[in-house]
Amino acid sequence: MSANPNAAVLTLSWRLFRHEARRGELTVILLAIILSVAAVLSLSLFSERLQSALTDRTAEFLAADRLLGSDKPVPDTWLEQARTQGLNTAQRVQMRSMVFANDELMLADVRAVSNAYPLKGTIKLADQPFGLGKAVETLPGPGEVWLDSRLFQVLGIQQGDKVEIGEKNFVVSGVISELPDGGFNVFGGDPLVLMPLSDLAATRITGPGSRTDYDYMFSGDSAALDDYYQWLEPQLDSELHYWRSVEDDDSPLGRSVRRAEQYFLLASLLAIVLASVSIAVAAQRYSHRHYDPVAIMKTLGAPGAMVRKIYLMQIIFIATLGIALGAGIGFAAQHVVAELIADKVPVALDAWHWRPFIIAVFTGVVCALLFSLYPLMKLFSVPPLRVLRRDLGASVGSRISQFIAAGSAIFMLMWAYSGDLKISLILLVTGLMLAAALLVVTMGLIWLGRKLGQGRMGAWQLAWARIQRRAMDNSVQLISFAITIMLLLVVLVMRNDMVKQWQEQLPEGTPNYFMINITDQQRPTVESHFETRGVQMENFYPVVRGRFVAINDDTIRTEVTKEDDERGRRGLGREANLTWSNTLQHENRVVAGSWHGEPDDAQQLYQVSVESQVAERLDIQLGDMLRFNIGSEVVEAQVGSLREVNWQTMQPNFFFVLEPAAMEAFSPTYITSFHLPTEQKALLGQLMSPFPTVTLFDVDARINQLRSVVSQVSLAVEFILVLVLCAGALVLVAQVQSTMDERQQELAILRTLGARGRMIRMSVIAEFIIIGVVAGTMAALANELALYLLQSQVFNMQTAVHWQYWLLAPLTGALVVGLLGAISCWRLLSLNTSQLLRKMV
Amino acid sequence: MIRTRAITKIVSTTEGELQILQPISFDVNSGESVAIVGASGSGKSTLLGLLAGLDQVTDGEIFLDEAPLHKMDEEARARMRGEKVGFIFQSFMLVQSLTALENVMLPAEITGLANPRQAALEALQQVGLEHRASHYPNQLSGGEQQRVAIARAFITRPKILFADEPTGNLDAANGDKVEKLLFELNRQAGTTLVLVTHDTELAQRCDRQLHMHAGSLTEESEEKASAEQRYVS
């Protein structure tokens, strides 16, 4: 007569699952799991795709995925090996050399490249010097060179003319507008020359004594690149070789992209936390609703093991369905978003990434099991006696252990996902502090509620009384509301701060042209000439070239230019640009000593301010005497201050700024910059023609490149923000929904006792508003702490206090939570009293 | 069928220990129907919970069909309930997410009876609700829900049936119907019945009445209802 008990368990749990799903009783927990899987999958899939798109984009600035730099040619076998491993390779040999034409000469950045160059990105050529560039697929043919616009200007040549580089003559066949790996140096870089690698030997410019960089470029899929590097690494000599990838890119662009990547990671982590919170809330509710069935089953003779199996099986059914639906929805959501922005950000839709999928399923499983574990344990402990005494509930452990379990689960998930202990810890610590603070606040509320809840029962008194009576439940609710609001704030404010700082880096009207070699006599003419054509000039900086020869009595042999710092790019010359001023330049900050300011008669020595990085590199201390040779003159000055310079500002910046008195004897040339909209490029010839000796640097293309990438990244960040906000909103809805259940009984009683709908509605709304305000306030505080830690420790951004959110968060909390409460309440109150009572049975 | 010897129940409250049941001893014979009556808070339901093995005595002995309930843990008691006990509650206690038929099947499936569906359909037929088999509890009237609960109680052919205010939530007409059904099925199955009630009319249909007062039990024989009282403990 006895059937298989396991079959009975399966039948029962499947039957319960089927009926409950059909009757909508699983909606909340199912939605929570669907939401968590969908949010994690869509966010991480989207960000993974976006990241590979952005990495591809930034790879263009390296003209390859990876680059091996060397001071000497490397063995051919290294390149053969790379090709064997399925990689594409290209070569670039780079050195500084003079270019001669028409009895004029100019130092240039000569690049001899192989046929496959560039592996990433495109070369742009202009029809004429300083013209608009168009992408080309070709390279200069044998015996030909392409030159930077500046060379045309200085050497006085045109396309088709001949130039001499080393011992070989070349025909000039193109005007370089843009090379993908042209670099971001605003001024001070040598004009570029591009020639075929096959012609290099004939020039004989790479002989002994020349400073030549041999760069080997590689592209291919990242696994093959990593494999190749593993093979190559043991053979590299750190003195001679270096390996670079886009991740090493320290340009403003590289930094922007890295920051965006961190943001995506953060957003995905927060999505995981949001999902966990919503599952915990839903599981709690699920457990509560099953107290009676468990008591009935136990009463009817079901052993504990059977009840456990039935409900574990149920959770497995729910999790499986939730994960399947969540994965489908998540995939569709990111697909739609990616399609929507496809014309703005090139996201490869066909690329399938397994990692996000695995993470999402893993998250779904872990969340469903871990966060329902405690509610399930409570459920299993419901005594059968509950069938007689309805007030009997579950009794296991304390809430503290639940919090500890949930907290560690969230932390483990974040850590496993991000692999970044710091971000995970920051989020955990601020979350914990928030939870602790909220417990204290709740206790305060109870006290306050006692005071305010006295007297005649109005809507507010009723609200306070409820908050007070359900102190512990409310503290859990408060914590989950506050954490949700805090996470949304973090994502929102991070995005705002990040986009703002990007935009500040390149504000509208950023100078896109620089002029050097303007003489004292030319300066007024240049100014009036430009002004009459409506072009606004920036500041004029006086410059005298000088050789930096000694620190105290130590003679210096090395060159001092910023470019020395960057491998593969040599400096402008042996001379440094010396400028002088009494006022500290914008975006410069004195980090040691004091700015020399107005001349002081008491001072015997001239003062000089030194850029802090160069000071560090050359071991220059405050008080050191620096000696410069300017022509036949010698200028000595004492280091009075060290300055931090923002090199991202696209402004002329100087290593050495002297006191004007020190330089009175020299006649300077001037450097200035101006902004000319790209569409007015044609005006350039007209602007520059009266001043053939003035050299023009065109950084317009660079700035546009940078700006386009930054705007793409911003757009992507925007979409991620919207996704997280949607996830957060859904979590809030789930939370309100679940707390509304608990209020059902009370509403029914109040209704039965004849309380008017308006009063009940108002009291519930008031309760939610109070909870929303408190949660919002606490969230604003915690947000500030989380942001400070994240921005200072992880994102390397400037930190600031966000006062506006201290007002905005409580207001929004009150509004959103109050509104959601009102909607749910309206739904409940639309039932009549007997329906309400029946719902409770 | 039921033997109790000096059973007591003490619970801990915030104000110290509270003795809900004074030492109680009585027997219920097989096939007998016994009503436990008394005012609210007198301890009737507590006693019922102990007799049915839903709760554990603080002291004393309970034998249910010769099995020592007081020595059993929750798992053993659950097994015992499944095999020998049927229940009917004031608030019906049907699983809301299962249909009437599935509610009736539930004990049969838990205890592993063969053909639970067939047995449940027959049980529903006996209570006249076969046409409501696929309805959920909230689609049934109170009387119908209680009839489903009765069908559920009898499906495993229990030796003893515990009923806690079985008509307490029903109007007079429905209460009557349920009452008749309960006693009729009980008679047919020869089940021992222990019911807790306020309803004197219902109590009078039982063979014996036990009166609870402040945790103590007095038995009143029908012949001597107004005359003498005899403490059984």
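Letters go in sequence order (proteins before strands), and every chain restarts at 1.
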Cut-off 4.5 Å, heavy atoms of chain B, and the answer for A/Leu12 is side chain
So, the part of B/Arg77 with a heavy atom under 4.5 Å from chain A: the answer is neither
Honestly, the part of B/Glu74 sitting under 4.5 Å from a heavy atom of chain A is side chain
Most heavy-atom pairs under 4.5 Å with chain B, out of A/Ile310, A/Thr11, A/Leu388, A/Ile296, belong to A/Ile296
B/Glu75 meets the salt bridge (Lys or Arg N to Asp or Glu O under 4.0 Å) criterion, sequence neighbours left out, with none
Ranked by heavy-atom pairs below 4.5 Å to chain A, first place among B/Asp55, B/Ile110, B/Asn115, B/Leu94 goes to B/Ile110
Heavy-atom closest pair (A/Ala302 atom, B/Ala78 atom, distance to 0.1 Å) is O-CB, 4.0 Å
* Asked: B/Arg81 side chain to A/Lys298 main-chain N or O, any donor-acceptor pair under 3.5 Å?
  -> yes
Applying a strict 4.5 Å limit to non-hydrogen atoms, the region of B/Met80 in contact with chain A is neither
Scanning both residues in full, the closest heavy-atom pair of A/Arg15 with B/Met105 reads NH2-CE, 3.4 Å
Here the pair of heavy atoms bringing B/Ser97 nearest to A/Glu20 is OG-OE2, 3.1 Å
Report, one line per pair, each donor and acceptor closer than 3.5 Å where one atom sits in a side chain of residues 34-54 of chain B; sequence neighbours left out.
residue, atom, partner, partner atom, Å
B/Ser42, OG, B/Ala39, O, 2.7
B/Lys44, NZ, B/Gly38, O, 3.0
B/Lys44, NZ, B/Ala39, O, 3.3

